[in-house]
Amino acid sequence: MPELPEVETTRRGIQPHIENTIISEVVVRNASLRWPIPSSLNAKLKNKKILSVTRRAKYLLLETEVGTLIIHLGMSGSLRILDTNMRAEKHDHFEIQFNNGHCLRLRDPRRFGAVLWTKDDPLQHKLLIHLGPEPLEKSFTAELLFAKSRKRKTSIKQFIMDAKIVVGVGNIYASESLFLAGVHPKRLAGNITKQQTKDLAAAIKTILKAAIKQGGTTLKDFSSSDGKPGYFQQKLNVYDRKNEPCKKCTKPIKQITLGQRSTFYCTQCQK
Ligand SMILES: [Zn+2]
């Protein structure tokens, strides 16, 4: 599933190709994604320019003169820049064609993705307005994590995966961040110390930055046509390493289920 680093890598991959480019046609081949793709998009967007390509949590925001397209990749979505005359495949449900002969094509086999429209401030859209801070921005701090966690009886792992607390900490990144910070995933959020919130906020930033950096270096070309989306394998310390030796202390990594999600940690290094 595309997580925040993949979405950010996608944003960086497509931005130089579509920013300041004029839309010639919007093509909806299959409108039934997670929510129906609005049928009015072509009428609205024909001959309009993409002004900016930004991201909020896992939503890509394509701003135009008349409003903003909000794109979510769901479970299996990917975006690529292709020649418009290249034949669309079975799962290529949506595309924006540009007057330079290229298009931005959305492929989404499982159709949990979304293409939405707003003429207003996209950050006020009902899907975005309640989101917590971006993990890589200054607004996400140890102080905030400490304040929000007081009296919370949920596990720290579920707490940092809550998008109202901070966005973009998916299941893999939660296990990895807790390992790096030396915090036990089952510890109650309300019980973590000030020092642990410092270590954890720093670890979340470090892990996500490293993933984005790796995305930039190992990524498939966004304008290539080999059919593979630009997602990448992370270097993982604990996730999916059940019974393998801890990279710090060599004790076997333990796997448990927490909030119905697989969770990996070291019984010795994480308190
Ligand atoms: Zn260990």
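All ligand and atom numbering here is 1-based and tracks the order in the structure.
Under the 4.5 Å side-chain contact rule for hydrophobic residues, Tyr265 and Tyr173 do not share a cluster. Linking ILVMFWY side-chain heavy atoms closer than 4.5 Å, directly or via other members, places Leu106 and Val28 in a single hydrophobic cluster.
A cation-pi arrangement is present between Lys194 and Phe146 under the rule of less than 6.0 angstrom and at most 45 degrees off the ring axis. A cation-pi contact, defined as under 6.0 Å to the ring centre and within 45° of the axis, is absent between Lys153 and Phe159.
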Problem set entry | Steps toward salt bridge (Lys or Arg N to Asp or Glu O under 4.0 Å) verdict (Glu134, Arg55) | CA-CA 10 Å; Glu134 287 287 325; Arg55 178 188 59 74; 2.9 Å; yes
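One finds no salt bridge joining Glu65 and Lys49 here, because no Lys/Arg side-chain nitrogen approaches an Asp/Glu carboxylate oxygen to under 4.0 Å.
For the Zn ion (ligand 1), the nearby protein N/O/S atoms, meaning those under 2.8 Å, are Cys246 SG, Cys249 SG, Cys266 SG, Cys269 SG.
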